[in-house]
Amino acid sequence: MMTFFRKILLLSTAALLAAQSVRADDLENMLNRRNQVLNQFNSSGNAQPAPKPAQPQSRNTAQRMPVRTNTQAVQQPQQAARATTAEYRGGGGENADELIGSAMGLLGVAYRYGGSSASTGFDCSGFMQHIFRRSMGINLPRRSADQARMGTHVSRSELQPGDMVFFRTAGGGRISHVGLYIGNNRFIHAPRTGKRIEITSLSNRYWNAKYAFGRRVKKNDPSRFLN
């Protein structure tokens, strides 16, 4: 292609020289134009090819890319659960921590009259019997009225996490309900049929009116067998 243009330019130059006398300055201008045309073609021949557009990522490749797990998001629910338990742990010592941790692990289990296991459900005294046996190796009596004679009496103002709290809900002055005090004026218990193990405030109007007293049962403490 470039050879063709060069031949044309040379022929044109020869024709002009043959046809008429050309002044020196006109000839110089014509040669300059020829050199400019040749330079343009030389530049075009040496130009670098344009880069190829990036190929889109295939769907299979995208699927093979590793997925990053948001560890912080996964850990947050677990940390929240531990913080909830720790919030109610107080001056009851290691035994209280074990009791409260065991009780918290059963939050949401359904109430069942006469129940004494997580698979079937719990009533209030079955719940206390289960967590004391599991956490402290203490076998409490089955009925809440009998549990109310275990350990030592604790006034309401002296309650500590891990103490049992008793209520008179059936009338006649007898003990008919029990829960575990967890601190901050709250207790965890299995309330009644149709409910689940939950945390309740002692300031609740109903439970405040039915409150009787607290009892403290300690591991390896002979006083737990006294009335």
Side-chain angles (χ1 to χ4, degrees), residues 81 84-86 88-156 158-202 204 206-208 210-227:
T84 301
T85 303
Y88 297 104
R89 292 180 176 177
E94 181 179 353
N95 291 338
D97 289 351
E98 295 176 359
L99 273 173
I100 294 171
S102 180
M104 289 288 194
L106 296 170
L107 276 171
V109 173
Y111 178 96
R112 181 180 179 184
Y113 181 76
S116 58
S117 71
S119 59
T120 61
F122 292 100
D123 61 12
C124 64
S125 56
F127 178 44
M128 292 297 102
Q129 193 178 49
H130 175 83
I131 62 175
F132 270 85
R133 180 172 59 246
R134 180 177 179 181
S135 303
M136 298 176 63
I138 295 176
N139 292 316
L140 296 178
R142 182 63 183 84
R143 298 170 61 247
S144 59
D146 295 328
Q147 292 177 2
R149 293 193 288 270
M150 299 288 289
T152 57
H153 178 272
V154 180
S155 64
R156 186 165 179 172
E158 298 297 326
L159 285 173
Q160 292 184 2
D163 292 340
M164 290 190 289
V165 286
F166 294 89
F167 303 85
R168 299 183 177 96
T169 60
R174 68 182 182 88
I175 296 298
S176 54
H177 189 71
V178 60
L180 183 76
Y181 185 72
I182 59 175
N184 293 346
N185 202 40
R186 296 173 182 264
F187 68 104
I188 184 171
H189 63 139
R192 57 178 173 80
T193 301
K195 301 279 283 184
R196 298 178 181 273
I197 292 176
E198 64 181 21
I199 296 172
T200 305
S201 172
L202 284 174
N204 174 278
Y206 176 82
W207 295 108
N208 182 58
K210 301 296 183 180
Y211 181 83
F213 51 80
R215 303 286 290 189
R216 183 171 299 152
V217 177
K218 294 183 178 180
K219 192 174 183 179
N220 301 323
D221 184 358
S223 66
R224 71 174 187 267
F225 300 107
L226 303 177
N227 293 337

Can you find a pair of side-chain heavy atoms, one from [X] and one from [Y], that are under 4.5 Å apart?
X: Leu202; Y: Phe167; answer: yes
X: Asn185; Y: Ser201; answer: yes
X: Ser102; Y: Arg134; answer: yes

Under the salt bridge (Lys or Arg N to Asp or Glu O under 4.0 Å) rule, what pairs show up with a residue in residues 169-185, not counting sequence neighbours?
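Applying salt bridge (Lys or Arg N to Asp or Glu O under 4.0 Å) to every pair that reaches into residues 169-185, excluding sequence neighbours, yields nothing.
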Selection residues 100-109 - residue pairs positive for salt bridge (Lys or Arg N to Asp or Glu O under 4.0 Å), sequence neighbours left out:
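As it turns out, there is no salt bridge (Lys or Arg N to Asp or Glu O under 4.0 Å) pair with a partner in residues 100-109 once direct neighbours are skipped.
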Value rounded to 0.5 Å, distance of [atom1] in [X] from [atom2] in [Y]:
X: Asn95; Y: Lys218; atom1: CG; atom2: NZ; result: 9.0 Å
X: Ile100; Y: Leu180; atom1: CD1; atom2: CG; result: 6.0 Å
X: Ile199; Y: Arg186; atom1: CD1; atom2: CZ; result: 7.5 Å
X: Cys124; Y: Ile188; atom1: SG; atom2: CD1; result: 13.0 Å
X: His189; Y: Ile182; atom1: NE2; atom2: CD1; result: 10.0 Å
X: Met164; Y: Arg216; atom1: CE; atom2: CZ; result: 11.5 Å

Return the minimal non-hydrogen interatomic distance between Ala170 and Ser176, and the atom names on each side.
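Heavy atoms of Ala170 and Ser176 come nearest at N-OG, 3.2 Å.
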Starting from the C-alpha separation in whole Å, work towards a yes-or-no answer on side-chain contact (heavy atoms from CB on, under 4.5 Å) for Val178 and Val165.
CA-CA 6 Å; Val178 60; Val165 286; over 6 Å; no
Exactly one of Phe187, Tyr211, Phe213 should register a ring-ring contact (aromatic ring centres under 6.0 Å, His included) with Phe166. Which one does?
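Single pass found, and it is Phe213.
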Taking only residues two or more places apart in sequence, or in another chain, which ones meet [X] in a salt bridge (Lys or Arg N to Asp or Glu O under 4.0 Å)?
X: Arg133; result: none
X: Arg168; result: none
X: Lys195; result: Glu198

Sequence-distant partners of Asn204, side chain to side chain contact (heavy atoms under 4.5 Å, CB included), two or more places apart
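With sequence neighbours excluded, Asn204 shows a side chain to side chain contact (heavy atoms under 4.5 Å, CB included) to Thr200, Tyr206, Trp207, given in chain and number order.
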Looking at [Y], is its backbone amide N or carbonyl O close enough to the side chain of [X] to form a donor-acceptor pair, meaning the two atoms are under 3.5 Å apart?
X: Arg215; Y: Gly151; answer: yes
X: Ser135; Y: Glu98; answer: yes
X: Thr169; Y: His177; answer: no

Which atom pairs, donor and acceptor, lie under 3.5 Å between side-chain atoms of residues 103-118 and protein residues at least two apart or in another chain?
residue : atom : partner : partner atom : Å
Ser117  : OG   : Ser119  : OG           : 3.2
Ser117  : OG   : Thr120  : N            : 3.3
Ser117  : OG   : Thr120  : OG1          : 2.8

Holding to side chain to side chain donor-acceptor pair (under 3.5 Å), I want the full list of residues that pass it with Arg142, two or more places apart in sequence or in another chain.
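If we apply the side chain to side chain donor-acceptor pair (under 3.5 Å) test to Arg142, skipping adjacent residues, the hits are Asp123, Ser125.
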Tell me, please, which residues at least two apart from Arg156 pass side chain to side chain donor-acceptor pair (under 3.5 Å).
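Applying side chain to side chain donor-acceptor pair (under 3.5 Å) to Arg156 gives Asn208.
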Between Val154 and Gln160, does the side-chain contact (heavy atoms from CB on, under 4.5 Å) criterion hold? Intermediate values first, please.
CA-CA 9 Å; Val154 180; Gln160 292 184 2; over 6 Å; no
Counterpart residues, ring pair (Phe, Tyr, Trp, His ring centres under 6.0 Å), relative to Phe127 (two or more places apart):
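By the ring pair (Phe, Tyr, Trp, His ring centres under 6.0 Å) rule, Phe127 matches Phe122.
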